[in-house]
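Model, not experiment: these values are computed from the prediction. Numbers restart at 1 for each chain; the letters A, B, ... are given by sequence-line order, proteins then strands.
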Amino acid sequence: MDKNDHRDAVRREAFAAPVFLIDGSSYLYRAYFAIRQDLTTRSGFPTKAVLGVTNMLWKVLREKDPAYVAVAWDAKGPTFRHGIYPDYKVNRPAMPDDLQLQVPRVREVVEALGLPQLEVPGYEADDIIATLVERLRDHPVLVVSGDKDLQQLLGPRVTLWDPMKDEVLDLEALRRRTGLDPERLRDVMALSGDTSDNIPGVPGVGPKTALRLIREFGSLDRLLERVDEIPQKGLREKIRAAAGDLPLWRRLVTLATDVPVPGEVEAYRRRPPDTERLRALFQELGFTRLLREMVPDQRIDEAAYEVVRDEAALRDWAERARRAELLTLDTETTSEIPMQARLVGISLCITPPAAAYIPVAHDGAGPQLSLERVIEALGPVLADPDVPKLGQNIKYDRIVLARHGVELRGIAGDTMVASYLLDPSRRRHNLNDLAQEFLGHTMTTFKEVTAGQTGRPDFRKVPVEKAAAYACEDAHATALVHERLVPRLKEHGLWELYREIEVPLIEVLARMEMAGILVDAEGLDRLADEFAERLAALEQDIHRAAGTPFNVNSPRQLSEILFDRLKLPKGKKTRKRTAASTDVEVLTELAERHELPALVLAYRNLAKLRSTYVEGLRRMIHPETGRVHTSFNQTVTATGRLSSSEPNLQNIPVRTEEGRRIRALFRAAPGHVLLSADYSQIDLRVLAHYSGDAALLAAFRAGADIHRRTAAEIFDVHPDLVTPEMRRVAKTVNFGIIYGMSAYGLAKELRVPQKEAQGFIDRYFARYPGVRRYMEETVAAAREKGYVTTLLGRRRYIPDIGARVRSVREFAERTAINAPIQGTAADIIKLAMLRVDEALRASASRAAMLLQVHDELVLEVPAAEAAAVARVVKERMESVMELAVPLVVGIGTGPDWAAIEKNG
DNA sequence: CGTCGGTCGTAC
DNA sequence: GACGTACGACCGACGT
């Protein structure tokens, strides 16, 4: 120990531990007003003030580690100052509602942090702090505040600290800065007044003058005695006029030292934080950074993990799995694509934390059971529908296992799907994020476990012990996360949707993906050749028309040619306004003035078909099955729809003749036909149901052509007199309604003046008043609750519904209107998929469901069964739910997807 | 050489 | 700024 250390030790001995007196209310307000943007949880609960105060407290605790703390709060309601001056703070607006809401949360955080807090009726936080400064005479005090009023408390053992600005003010610094002792500051404040507290002071005297006067005269009392000595006449008269009130102003700015609070320092000893409560609070409030920094990782007990390497252990685990109330499983494989993956190992978790890893294909890893033997022992349990299974994205494991000869049955839960239902707008539902958020546990990543490998990461190369820890942790964490999510699903009314629709759907989707759809590879190759030739020719024409070669695929280069070189008039800017747009609308307009735009449009059409569809699809044909196996993603869209990727089979062209040539390459297997069944106008029917609009209900109940009927309404003609043009307009209006379109958008779409478009919208709402009412009620409900729901309780949060920026708010309103309609349609077709699947399985039909395209199901059916299956599918789809209007399904069969003619 | 935002275009 | 939900190709800037 050198001399300095020794001196510090002596000093620590000599001085009692400092007491931190924290002005909670000043930080509450500062956080609220200093941060401009609105911070909320996903569900719309305001969090800005809670976050600000928590950050400040965390900084204090982290940097100073105080032993004694008191957090002081302003009392609600009037204080003693109102008693002596009724106008005190009279022009201060009431605490904003969204700040008021946060106060209990702030208090909970402070409590959970283990910090004693004080709120005394009739007093402000400043008074509590002043009283404690007075009472705790034997202790140094650090007043933590950003409020200047507290400078009057400075003294030999009292220092002021603002952790947010990191400014320290002590007695000496104050004297240097003002030339006054702290207790004289109240004289200065009495003179200058305080507008925010509605203390007028001396009109015309600000802080500068007040400070000078007190410095010159020594105190307010001396000033009042010798007011005649003030040289400036104006100032003298002002002070004379205010003299009678100044003692009152001084009483108001003087802090009370008689607040009834404990005077013993032990009352303010800091307690250990309640980490579980903090974890729950921070999770609820979405404070992920603080969660990471402040709350220690929840320990996951790895001691209970076991590697299964021999027959006895395998049998033991198979037997325990058979009796499991919920068997969590996870497969380790060679690929993220389940149709290509080979099994490397399986982890199981039955009762957390007990978990096992069964390696089957690790490289040079010591004793290891064979895949065949593991399947033999475990297969029956996995295939037993009465043993409930849980996984994270268990559809993946379901497919991998099936491809290894194991039919996984009894899927009872999936954490990815559960998380999705709780907040479908959330970006990531992967296990690592879920464990972090719901368990406060940081998982080992795949990257970490395969670190050090050269080339493409390969799980087979991971040493078994390391792989076991990783794989068991996955199964274990999945089980724990599910335990946390289930109560939330129940609380939010999502449990039935989860158990009865989304979870059973996993199995159906897995079988659809495995079935795949036959695509004519030779046909694609022929199209590729044809398109290549035509594209080359077009490219030459384009370069000739442009007068120079350039990359036609580059909007930026094209924009230079069109607008700089050829001096064509610029249309709109792009969405981000970084360049002049060259989209189809602009090019169509320009086509009247130059030959180039039309050529580019033709090029773009063909290039899109070639790159996205011909080449994209060709790459996706599975080498073994010769079919295309898309992924149906169940946890992606914000509304509840499925999405499809790798490849996306939900946007195969249909509108143009050229596009339908691609669609025609989707074929039925030999001896089969493709059957397509689609809901007619499902979105508008859902709207009719929700709105209860009499005219809309009547139209659908009458089986009318809804676009024709709408045209008749908005053009005020008999339905028989509706022209194709009128019907087209009405159709656009109908779609626009569902998306919340404006007159501007409709005008652009229809290429009519905005005034005319507004006329269509006005007449629409006049004829369908229930629709307008529904929209208003939906937006109001979103504002009220922060979310909207579908018919089956699916929820979507609309956090921006109260945004102050109009465009943001209006976008949220359109979202709120659209989500229940689109989402309910999604509910309906998901339910239909389950019912159709049940019917097919019950009938022992060989038909297989292949695709879902939002309102359409595509099946592959043995030709002989076509008529019977069509009847069953139509019947099941139409009876899936009883709405206020009938659900109508159009159905047809054909040799390929383009050749299907629909009829009722 | 990979990542990522921007633009464009396909579907419902 | 102005029509909701997706996926994906291509370009080009940027970072390794």
| said: With a 4.0 Å cut-off on N to O distance, would you call A:Glu657 and A:Arg661 a salt bridge? | reply: no
| Closer than 4.0 Å, any side-chain N/O of A:Arg814 to the OP1 or OP2 of C:dG4? | yes
| When you measure from the side chain of A:Arg655, which nucleotide among C:dT5, C:dA9, B:dC12 comes out closest? | B:dC12
| message | I'd like to know if A:Arg794 pairs up with A:Asp827 as an ion pair, taking the criterion as any Lys NZ or Arg NE/NH1/NH2 lying under 4.0 Å from an Asp or Glu carboxylate oxygen. | response | yes
| query | How far apart are the C-alpha atoms of A:Ser631 and A:Ser645, what are their side-chain angles, what is the distance that settles it, and do they pass the side chain to side chain donor-acceptor pair (under 3.5 Å) test? | reply | CA-CA 5 Å; A:Ser631 289; A:Ser645 60; 4.9 Å; no
| query | So, do A:Ile737 and A:Phe765 sit near enough that their side-chain heavy atoms are less than 4.5 Å apart? | reply | yes
| Would you call A:Asp896 and A:Arg663 a salt bridge, using N to O less than 4.0 angstrom? | no
| query | Contacts to DNA chain B from residues 589-618 of chain A, heavy-atom cutoff under 4.0 Å, which residues? | reply | A:Arg604, A:Asn605, A:Lys608, A:Tyr613
| Is any side-chain nitrogen or oxygen of A:Thr637 closer than 4.0 Å to OP1 or OP2 of C:dT5? | no
Indicate every side-chain donor-acceptor pair of residues 771-785 of chain A with a distance under 3.5 Å to a residue at least two apart or in another chain.
from	atom 1	to	atom 2	distance (Å)
A:Thr778	OG1	A:Tyr774	O	2.7
A:Arg783	NH2	A:Glu813	OE2	3.3

| field | Validation row: A:Val889, A:Val873 side chains within 4.5 angstrom (heavy atoms) | value | no
| query | Charged N to carboxylate O below 4.0 Å: is that the case for A:Lys608 and A:Glu658? | reply | no
| Gap in Å between the two P atoms, one belonging to C:dA2 and one to B:dC8, rounded | 14 Å
| Checking all strands, does A:Phe811 fall into the base, sugar-phosphate, or nothing category for heavy-atom contacts under 4.0 angstrom? | sugar-phosphate
| message | What contact category does A:Arg660 fall into here, base, sugar-phosphate, or nothing, at under 4.0 angstrom with non-hydrogen atoms? | response | nothing
| query | For A:Arg534, does the CZ atom sit with more than 12 other heavy atoms under 6.0 Å from it, leaving out its own atoms? | reply | yes
| request: Please work out whether the ring planes of A:Phe550 and A:His543 are parallel, tilted or perpendicular, with thresholds of 30° and 60°. | output: tilted
| field | side chain to side chain contact (heavy atoms under 4.5 Å, CB included) against A:Leu518, all qualifying residues, sequence neighbours excluded | value | A:Arg627, A:Arg667
| Quick one, which residues of residues 744-759 of chain A touch DNA chain B with a heavy atom under 4.0 Å? | none
| Selected nucleotide, minimal atom distance to A:Ala638 side chain, candidates C:dT5, C:dG8, B:dC12 | C:dT5
| Out of B:dG9, B:dT10, B:dC8, whichever nucleotide has its closest atom nearest the side chain of A:Pro653 | B:dT10
| said: Distance check, P atoms only: C:dG1 and B:dT7, in whole angstrom units. | reply: 12 Å
| task | Give the nucleotide from the list B:dC8, C:dG8, C:dG4 with an atom nearest to the side chain of A:Gln822. | result | C:dG4
| So, is A:Thr582 near the phosphate of B:dC8, with a side-chain N or O under 4.0 Å from OP1 or OP2? | yes
| field | Sugar-phosphate only, base, or nothing, as touched by A:Asn651 at under 4.0 Å among non-hydrogen atoms | value | base
| Dot-bracket summary - DNA chain C, pairs being Watson-Crick or G-U whose distances fall under 3.5 Å, with | when paired to another strand | ...||||||||||||.
| What string of B, S and - do you get for nucleotides 11-16 of chain C 5' to 3' if you count protein non-hydrogen atoms under 4.0 Å? | SSS---
| message | Looking at A:Glu513 and A:Phe632, would you say the former's side chain and the latter's main chain have a donor-acceptor pair under 3.5 Å? | response | yes
